[in-house]
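Reckoned from all heavy atoms, side chains included, excluding hydrogens, waters and symmetry mates.
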Amino acid sequence: MKIQRIRGVKDILPNEIWKWQYIESVAHKIFPRYGFNEIRLPIFEDTRLFSRSIGDTTDIVEKEMYTFKDRGGDSITLRPEGTASVVRAYIENKMYNPPSVLKMFYMGPMFRYERPQAGRLRQFNQVGVEAMGSPGPIVDVEIMTMVMEFLKELGLADIKLEINSLGSQECRPQYRELLKTEIEKHIDQLCDNCTARYQRNPLRVLDCKAKECGNVAEGLPKLIDHLDPASAEHFAEVRSLLDSIGTPYSVNPKLVRGLDYYNRTAFEVTSQNLGSQNAICGGGRYDTLVEELEGPSTPCFGFALGLERLVSLIPFNESSDLQKHPDVYIVCLGEEAKSMAFEIAHQLRAKGLSVERDYEMASMKSQMRKANKFQSRFTLIIGENEIRSGKLILKNMDSGEQKECTTEELVSEISEPEVDTQ
RNA sequence: GUGAGCGUAGCUCAGCUGGUAGAGCACUCGGUUGUGGUCCGAGCGGUCGCGGGUUCAAAUCCCGUCGUUCACCCCA
């Protein structure tokens, strides 16, 4: 049987890699403006890192992790998300006492064993951002603003920023109990799923998509009405800061994040053009995770953004300059020309030009067709006549004009006068 | 883990109620001596996912299996 790729993974082929490189370049342009530097971390970790940070009873840890024993018998897990690794690295490398808030971003593959569907893969790429060391709402707002700016720079339209507050470790348990008792009053009106899970995770009833639960949820108490005073104030400041710089958002009291470590501000960026998995970015504040992993008390804020989903949303122009084409395609006729083409290609590449050529001895028509398919800006024609006269023919493939020039003149003829934009 | 749809040339698909496969695009080569993109012509290309069953005969019906897509769940 032919070996094929693992279920739920994707090959990113050379003809679309420019899209990814473009996104990466925009990240490297925007994030440093806010003081974020890249960090590169292992894609596998000690399994306990994830069970302790993400939460033992979350779906991710219960049934979605790629966990295996390595040859030494240690339990290893392919990272299902990036924050845990960043926090581990922060503690392990004692990156305490930065001059200001410690700000980092990362990009790379994450792994979750789920049934693949539109916008959901088993290996997928995220770009994530973490700011460590400030409890204040300014960080929350700066980062949410940065995401929106990043997405705007990439040309996304029709995206929404939704925010909520998940409260604190103090008020949330109280609210959960209140919610449970309220839900019990309507227990017969819930969908089967929620009937089964409301005891364990009552917050999930709030954003259940089933109509019957939606009706019940309308009448249930909202967490943002039951925040402890400090969290309520924090949330009010977040909203007022967002307002002050005119970042559009909406409060979604039903927004619940799936990872246990979040508290206070939680947010999502969604798009209606993604299919059923409509979140492109999700994140929030996690003030106690560092402590839970045995580091010093360090309040943090971060998010993760799905790159596959992002790629599918960006309105790429297929004829964009981002796609790389050769500066020149060399057409050669005859053995002598073939060896001359070899030398000239070498010289032009050494001067920084990208050169494509015919490697066989195809007919001229065939070679010209290939030059066209490569969308090269110029075609350099070398035949017996050109070798005899020492003047090569350089053809501009847009205008169709061609002129004779010596090998010395080639570089200046081909080089573009315009300056790089990036 | 649950449910539904789909698996025919490199790609997108047609092939009604069974009679040993087609189109468009792509690719290759041509349209007279060394010039692309448009146009015209020719050509290459398929164990019809795999296995079994029914039948004189199956891409077409039945069963199984694998893959895939979408949805639930959950999330990026």
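With hydrogens and angles left out, the side chain of A:Lys395 and the base of B:rG36 share a donor-acceptor pair within 3.5 Å. Within 3.5 Å, a donor on the side chain of A:Arg115 pairs with an acceptor on the base of B:rU2, or the reverse. Looking at A:Glu386, its side chain comes within 3.5 Å of the base of B:rG34 through a donor and an acceptor atom. Put simply, the side chain of A:Arg120 and the base of B:rC70 share no donor and acceptor less than 3.5 Å apart.
Here A:Phe267 and A:Tyr249 keep their ring centres 6.0 angstrom or further from each other. Ring centroids of A:Phe36 and A:Phe105 are separated by 6.0 Å or more, keeping the two rings apart.
Within 4.0 Å of A:Leu259, counting heavy atoms only, lie sugar-phosphate atoms of the nucleic acid but no base atom. At the heavy-atom level, A:Ile280 lies under 4.0 Å from the strands shown only through sugar-phosphate atoms. Within the nucleic acid shown, A:Gly119 comes within 4.0 Å of at least one base atom, counting heavy atoms only. Among the heavy atoms of the strands lying under 4.0 Å from A:Ile393 is at least one base atom, whether or not backbone atoms are also near. Using a 4.0 Å heavy-atom distance criterion, A:Ala371 is classed as making no nucleic acid contact. The residue A:Glu308 sits apart from the nucleic acid: no heavy atom pair falls under 4.0 Å.
Closest approach to the A:Asn385 side chain among B:rC72, B:rA76, B:rG34 is made by B:rG34 (side chain taken as heavy atoms from C-beta onward).
The separation of B:rG43 from B:rU54, taken at their C1' atoms, amounts to 40 Å, rounded to a whole angstrom. Separation of the P atoms belonging to B:rG10 and B:rG49 is 13 Å when rounded to the nearest angstrom. Rounded to whole Å, the C1' atom of B:rA4 lies 24 Å from the corresponding atom of B:rA14. Taking atom C1' on both B:rA57 and B:rU20, the two are 9 Å apart, rounded to the nearest angstrom. Separating the P atom of B:rG15 from that of B:rU2 is a span of 33 Å, rounded to the nearest Å. B:rC72 and B:rC16 have their P atoms separated by 34 Å, with the value rounded to a whole Å. Taking atom P in both B:rC73 and B:rG3, one finds a spacing of 16 Å when rounded to whole Å. Rounded to whole Å, the P atom of B:rC48 lies 16 Å from the corresponding atom of B:rG19.
In this structure, A:Leu392 places its CG atom 18 Å from P of B:rU35, rounding to the nearest Å. Nucleotide B:rU38 holds its C1' atom 12 Å from the NZ atom of A:Lys365, rounded to whole Å. With rounding to whole Å, A:Arg112 atom CZ is found 18 Å from B:rG1 atom P. One can place CZ of A:Arg7 at 19 Å from P of B:rG49, the figure rounded to the nearest angstrom. For A:Tyr329 and B:rG36, the OH to P distance is 14 Å, given to the nearest whole Å.
Pairing for B:rC72 goes to B:rG1, judged as Watson-Crick or G-U wobble with the two contacts each under 3.5 Å. Pairing for B:rG30 is with B:rC40, a Watson-Crick or G-U wobble pair whose two hydrogen-bonding atom distances lie under 3.5 Å. Remark: B:rC25 base-pairs with B:rG10. Criterion, Watson-Crick or G-U wobble with two distances under 3.5 Å. Under the Watson-Crick or G-U wobble criterion, with both distances below 3.5 Å, B:rC61 is paired with B:rG53.
Electrostatic pairing of A:Lys338 and A:Glu336 does not count as a salt bridge here, judged by no charged N lying under 4.0 Å from a carboxylate O. A salt bridge links A:Glu182 with A:Lys185: the closest approach of a Lys/Arg side-chain nitrogen to an acidic carboxylate oxygen falls below 4.0 angstrom. At a threshold of 4.0 Å, the pair A:Arg285-A:Asp140 counts as salt-bridged, since one of the basic side-chain nitrogens sits closer than that to a carboxylate oxygen.
Phosphate contact (OP1/OP2 of B:rC72, side-chain N/O of A:Gln117, threshold under 4.0 Å): present. Between A:Ser366 and B:rC29 there is a side-chain polar atom (N or O) within less than 4.0 angstrom of OP1 or OP2.
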- [ ] Mind running side chain to side chain contact (heavy atoms under 4.5 Å, CB included) on A:Val129 and A:Tyr34 for me, showing each step along the way?
- [x] CA-CA 11 Å; A:Val129 157; A:Tyr34 291 78; over 6 Å; no
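Aromatic ring pairs are classed by plane angle as parallel below 30°, tilted from 30° to 60° and perpendicular above 60°; the pair A:His226 and A:Tyr175 is tilted.
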